[in-house]
Every structure is written in C-alpha cells, then in structure tokens.
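A short worksheet on the structure shown next.
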Number of protein chains: 4
Amino acid sequence: MPRQPEAPKIGDNSVNGAHLRAFVERVERLEEDKKALSDDIKGVYAEAKGNGFDAKQMRAVIRIRWQDRDKRREEQEVLDMHLAALGLL
Amino acid sequence: MPRQPEAPKIGDNSVNGAHLRAFVERVERLEEDKKALSDDIKGVYAEAKGNGFDAKQMRAVIRIRWQDRDKRREEQEVLDMHLAALGLL
Amino acid sequence: MPRQPEAPKIGDNSVNGAHLRAFVERVERLEEDKKALSDDIKGVYAEAKGNGFDAKQMRAVIRIRWQDRDKRREEQEVLDMHLAALGLL
Amino acid sequence: MPRQPEAPKIGDNSVNGAHLRAFVERVERLEEDKKALSDDIKGVYAEAKGNGFDAKQMRAVIRIRWQDRDKRREEQEVLDMHLAALGLL
DNA sequence: TGGACGAATGGGCGCC
DNA sequence: GGCGCCCATTCGTCCA
C-alpha cells in the first residue's frame, strides 16, 4: 500500500494551518531577502554605469568567469568518474 | 554637448581594469548570496514537502498573499491621495 | 494609434482557420521529426551501453565539449565588444 | 556466469577511446539536428505571430490534437484486442 | 515592444 | 513499480 504523505485531516486544521503558515512565512522572508539582493545588484550595475562601464560587458565577463568555475568543477567530476571506472579511486 | 560617461581610454587600462574588476567582484559576491538564498528556499519547500505539503499549493498561497499586500498598499495610496485632495492630510 | 496585429475578423473565419491550421501542421511535422531524433539519440546511448560505455559518462563528456564550444563563442563576443568599446572594430 | 558488458580495460585505452569518441560524435551530430529543428519550430511560431496568431494558443491546440491522436490509437488497440479475443482478427 | 533572464512545470530516467 | 532527481521546455518579468 503506497504510503503517500498524510493528507490534511479534519480536526488537525488549526495545527496544520499553523504549520503551513510557518513554512509560508519562512519562504516569504527569504524571498524578501533575495529581492533585496537583486536590488543591490542593480545598484552596483547602475554605479558601474555611472563610472563609464557597460552592464552588457560586465554581464559577459561575469558569465565567462562563472563558466570557468563550472567547467573546472565538471572536469574534475569527469576525471573522478574515469578514475573510478578504472578502479583507481 | 551631452556629457555621456567617459568611454574607457587607452592608457587608463590598468586603473580602469582594477575598477571594473572591483565592480565585477561585488556583483559576483551578491550573486552568490542570492544563489544561497534560492537554495535555502528550495530547502524550505523540501522540508514542507516532507511534512505533507505540496510546493505548488504553497507557491499559489504565497502569490496570493503577495498580491494582497500590493493591493493593500495601492489602496492606501489612493486613500491618501483622496485625503490630501480634501486637505485632510 | 498602435497597430496591433489584426484580430481575427468575423467572415474571415474559414480562411483564418485554414491559415492557422497550416501553421499548426507545420509545427506538428517538425515536432515529429524532433521526436524521431530524440529516439535516435536514445538508440545511440543504448548501443553504447551495449558496448560497455556508461551513458552518464558520455553525457558528461558531451556537456564539457558543448561548454567548450559555447565558451569559445562567448569569449569571441566579449573580445569583439571590448574592441568595439575601444573604437577598434 | 553472467556476461555483463566488458568494463573498459587498461591497455585497450586507444581503441576504446576511438570507440567512445565515435558514439559521442554520433550523439552530438543528432543533437545538432535536433537543435536545428527546435529553431525551425521557433521560426514557425514567429511567423505565425507575425500573422496575428498567439503562440500560447497554438501550443494549446497542438497539445489537444496530440492527446486526441493518442486516444484514438489507444481505442483502436482496445478494439483490436476485443476483435482478436473474438477470433475475428 | 521585443529580447534576455530566472523561475516553474512537466517528462524521462535510474535507483531502490 | 513507485519515488525522487535531472533536464528540457515554457512561462513570467525586467530591461533596453
């Protein structure tokens, strides 16, 4: 018998609601922080623009650097997989 | 003559580069924090799921509450405008 | 007066319907071809698996090679942008 | 003794590598074709849009027709099974 | 207003 | 055979 997560039960409404509310509020709080960071980032771009830099260029640079990091990590993974496949890890 | 921000000049390369680098790194730092928050949010959804709540529903709830807040604020603004128009504010 | 694309007019129903149908059928045909390719790809992975290769590893390799190509293209773009910013392009 | 596919052996590296490379390139080729088709599909949607049709609606239509086709096929299968059960097929 | 970006949904896949 | 993860596509939002 598949044990799906308990559906909300009558009688548990209030406690359940409180539980749900807590989760919802945690998410909302985090989302607010996230939005604040987004605004900060925009601010930095605006400041950079005021100093003669182009946002498009900056984004391109950042993307490259990001890809570099990702690529390094992934290459490491591939290497590990190959080593593991050879029984050397 | 409209004074648009100075384009990068040859000869300023090093100082300019340092300047650009600073902006780039500030953005990258903020982006990392933002990503961390995104992950936290996912964590909360996962935890909620483990307690029998559905992420999709939660998102719907959060969207509604968000709209409500916006609506309230807007209504407050309208009210303030009316009061101001009546010289009561 | 903003000229938004003509809304379907009463009386044009049949011609309009024929027009829409033509677009829909073109998309459907292309989607079928695409699905066929997806199946081919699965076939190749299956064949490779039959020869002792692991799909996960292959995917990792392909992803890396793909990133390489992308990265090259993007770096070229960044270079072009920098050159353009210096008035050298 | 169950003959599971040979794991890559040390000493077979080069031939193995060539083999793997062949599979990888076949996949990459197919993926490119697939991407080309995706782009074609986008092109059709763009063209339709230019003729006043909405992509979202078109997608809905296509989805419905797809489901219909599936349903028809399934019903046909059921019918065939019944006919076969009656020795009429 | 169209394009770019991030988030969200749905489907495919392997694991248990 | 169900479950959770991962990827592809799609949808909404923001900026130019």
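Heavy atoms only: backbone and side chains are in, while hydrogens, waters and symmetry mates are out. Naming: A, B, ... by sequence-line order, numbering from 1 per chain.
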Next on the checklist: Can you list everything that forms a side-chain contact (heavy atoms from CB on, under 4.5 Å) with C:Glu32? Sequence neighbours excluded, please.
Outcome noted: D:Arg69
Item to check | Under 4.0 angstrom between B:Ser38 side-chain N/O and E:dG6 OP1 or OP2 | outcome: no
Next on the checklist: Output the rounded distance in Å from CG (D:Asp54) to P (E:dT1).
Outcome noted: 14 Å
Checklist entry - Residues in salt bridge (Lys or Arg N to Asp or Glu O under 4.0 Å) with C:Glu31, at least two apart? => result none
Item to check | Residues which pass salt bridge (Lys or Arg N to Asp or Glu O under 4.0 Å) with C:Asp33, listed by chain and number, not counting sequence neighbours | outcome: C:Arg29
Next on the checklist: Among residues at least two apart in sequence or on other chains, which ones pass side-chain contact (heavy atoms from CB on, under 4.5 Å) with D:Asp39?
Outcome noted: D:Lys35, D:Lys42
Checklist entry - Are any of A:Lys34's side-chain N or O atoms less than 4.0 Å away from OP1 or OP2 of E:dG6? => result no
Item to check | Any residue meeting salt bridge (Lys or Arg N to Asp or Glu O under 4.0 Å) with A:Glu77, in chain and number order, not counting sequence neighbours | outcome: none
Checklist entry - According to a strict under-4.0 Å criterion, is A:Lys35 in side-chain N/O contact with OP1 or OP2 of F:dT13? => result no
Next on the checklist: Under a 3.5 Å threshold, yes or no: a donor from one side chain and an acceptor from the other, between A:Gln67 and C:Gln67?
Outcome noted: no
Item to check | Remaining members of hydrophobic cluster (4.5 Å side-chain criterion), A:Val78 | outcome: C:Ile64
Return the polar atom pairs (N/O with N/O) between nucleotides 11-15 of chain E and the protein under 3.5 Å, or none.
unit_1, atom_1, unit_2, atom_2, d
E:dC13, OP1, C:Lys42, NZ, 3.2

Item to check | C:Ile62 CD1 - F:dC6 P separation (whole Å) | outcome: 18 Å
Next on the checklist: Counting only heavy atoms and a strict 4.0 angstrom limit, can you tell me which residues of residues 20-27 of chain D come near DNA chain E?
Outcome noted: none
Item to check | side chain to side chain contact (heavy atoms under 4.5 Å, CB included) between B:Arg65 and A:Glu25, worked out | outcome: CA-CA 10 Å; B:Arg65 284 166 58 109; A:Glu25 284 173 356; 3.8 Å; yes
Next on the checklist: Without decimals, in angstroms, what is the distance between A:Leu37 CG and E:dC5 P?
Outcome noted: 20 Å
Next on the checklist: Just the rounded figure in Å: distance from C1' of F:dC7 to CE of C:Met58.
Outcome noted: 17 Å
Next on the checklist: Using whole Å, what does the distance between atom P of nucleotide F:dC11 and atom CZ of B:Arg63 come to?
Outcome noted: 14 Å
Checklist entry - Counting only side-chain N and O atoms of A:Lys56, is one of them less than 4.0 Å from OP1 or OP2 of E:dA4? => result no
Item to check | With B:Arg59 via side chain to side chain donor-acceptor pair (under 3.5 Å) - residues at least two apart | outcome: none
